Amino acid sequence: MLLYILYLIAIVAEAVTAALAAGRRSMDWVGVCLLGCITALGGGSARDIVLGHYPLTWVAHPNYLLLTGGAALLTIALARFMHHLHKLFLLLDAIGLVVFTVIGCNVALEMELPFVIVIASGMITGCVGGVLRDVLCNDIPLLFRSELYATVSVLTGIMYVSGLQLGFDHNIVMVVSLLSGLLLRLLALRFNWSMPKFIYSRDVH
Amino acid sequence: MLLYILYLIAIVAEAVTAALAAGRRSMDWVGVCLLGCITALGGGSARDIVLGHYPLTWVAHPNYLLLTGGAALLTIALARFMHHLHKLFLLLDAIGLVVFTVIGCNVALEMELPFVIVIASGMITGCVGGVLRDVLCNDIPLLFRSELYATVSVLTGIMYVSGLQLGFDHNIVMVVSLLSGLLLRLLALRFNWSMPKFIYSRDVH
Amino acid sequence: MLLYILYLIAIVAEAVTAALAAGRRSMDWVGVCLLGCITALGGGSARDIVLGHYPLTWVAHPNYLLLTGGAALLTIALARFMHHLHKLFLLLDAIGLVVFTVIGCNVALEMELPFVIVIASGMITGCVGGVLRDVLCNDIPLLFRSELYATVSVLTGIMYVSGLQLGFDHNIVMVVSLLSGLLLRLLALRFNWSMPKFIYSRDVH
């Protein structure tokens, strides 16, 4: 139930940040709406397609499509106030990351897939939406270059699944994993933690 | 039957316009052929993958692959005459948009999916081919920035599905939706109608 | 069995070349690891999703995920020695292309799909990984512009499937197709063979 409410908050937050990204590229209202839906629901869709887990979430619950599309459109009207909420959206985006991760792990756990795939399922759910947003905006995905985004997702997933396998109470494991992942992400943002980069300048081909 | 003939015309038209886009980026013959197939058949493939509607159209009917690949290759030979046909191809592309939309709605209707998903299925079928073409050509998808393309698809779908739900004759609803959508698209092209843009220049991240 | 060993070599080689591509774009370690996995396993995943052939290879065999991710990470440590191995990696990449192609054909043959789709399945398996790498690195896919890459895959597939249909021994057909495809690819690299380009400079839209 808590997870469900957090999920709704998270997809709205993802749709709003995608709409702002669309606005920075002067997309039209339809583009804003589509980019919002794709970013918010793309991670879960990619996971379901990869795992063959049909129907996709938004096909079973079309309201999610209306919710995210509506949030993206509303962003256009409210954009002038958005920069005051900058920090709120960074927080909501971080909540989205860990919530999506836990939901993705749950889907793979229900399908009784092996540990590595459960973690991958969480990471795909948490991260692919942002990758799609960046590819459609013609950028190199931030995921591949930025602060601990995928790392937070993987660590949250490992903590969550390990906790369950060790037999701890489901709700406690969930809350602890979500909070730890969230804390790690916020610390990474605050202190600009990042993974080391791999810089290779020789031309191989 | 009419829809089937229009479908064949539409995939050929999409393959030809994709081949010209490939030529503007100096792709080789294989790239032209592949981009033609992906653009013409990508919308229906994306719809089928998203809805879990297997086998994909071109897997069940490999001739479509040969038809679109052949049309793309033929474009290379005939390119010097293509600019005389500029307006014909804009018309055929517009026909493709509304025909793909109606076919996409039909697939979702047969699967007894809810209204919103039927419209989304029509839009995915109508628009994703062009998005794939633009991503593979390393452009921001035109769909997100241009004149009423997705809008025409959504309105055509709404008209078609509403007409059916109101109990009108199937053929009449289809022809009226196709013609209205086509008219709207051609008017949008003629008078440069476009959706308002959302321009947002503050850097949030 | 031979095919299996060659497959393992091929996915490692693809992961390493993708890691070097990631290094040329200064991605962080997570990006290197992800790009390695996506490039090495993306072709087979795309084929399985398009054909509705579940579960995907790496979902059934999570070790492939660890192997390719590990190879990508190891590349970071060993990058300084990699340029000495430039030619070895071109060879391994060529082996990967033909091995992936034959495996892709086998999957479609087992599903009893028609000839054209079997060839397409081989080509998707052989080529899509590199396309994903290029799209995620924000390049126009090399596939659409370079030396006989897709062509080698298609010809290898045609030789393999035709040989089987003519009733020759499976192992002989496989080895002959692999070696012929490999030879063609290496000759194309050595002598800079390429498909003719289609250059079209008129602006249609």
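The structure presented is a predicted model; accordingly, all values stated were derived computationally and were not measured. So that the names make sense, note that chain A is the first sequence line, chain B the second, and so on, each numbered from 1.
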Exercise. Which pair of heavy atoms, one from C:V50 and one from B:L56, lies closest together, and at what distance?
Worked result: O-CG, 3.4 Å

Exercise. Of the listed residues (B:G23, B:C33, B:S45), which shares the most heavy-atom pairs with chain C below a 4.5 Å separation?
Worked result: B:G23

For this session: Find out whether B:V32 and C:K197 are in side-chain contact, i.e. whether some heavy atom of one side chain is under 4.5 Å from a heavy atom of the other.
Result: no

Problem set entry | For chain B, which residues of residues 96-116 of chain C have heavy atoms nearer than 4.5 angstrom | C:L113, C:P114, C:V116

For this session: May I ask you to name which of C:V154, C:L51, C:I49 has the most heavy-atom pairs under 4.5 Å with chain B?
Result: C:I49

For this session: Might you work through the side-chain contact (heavy atoms from CB on, under 4.5 Å) test for B:R24 and C:I199, ending with a clear yes or no?
Result: CA-CA 6 Å; B:R24 279 193 286 275; C:I199 297 173; over 6 Å; no

Exercise. From B:D28 CG over to C:L148 CG, what is the distance, rounded to the nearest 0.5 angstrom?
Worked result: 8.0 Å

Problem set entry | Contacting region of C:I119 [heavy-atom separation from chain B under 4.5 Å] | neither

Exercise. Looking only at heavy atoms, what is the nearest atom pair of C:A120 and B:W58, with distance?
Worked result: CB-CZ3, 4.4 Å

For this session: Find out whether B:L136 and C:V131 are in side-chain contact, i.e. whether some heavy atom of one side chain is under 4.5 Å from a heavy atom of the other.
Result: yes

Seminar exercise, completed: Of all heavy-atom pairs linking C:F198 and B:T75, the shortest is CZ-O, 4.3 Å

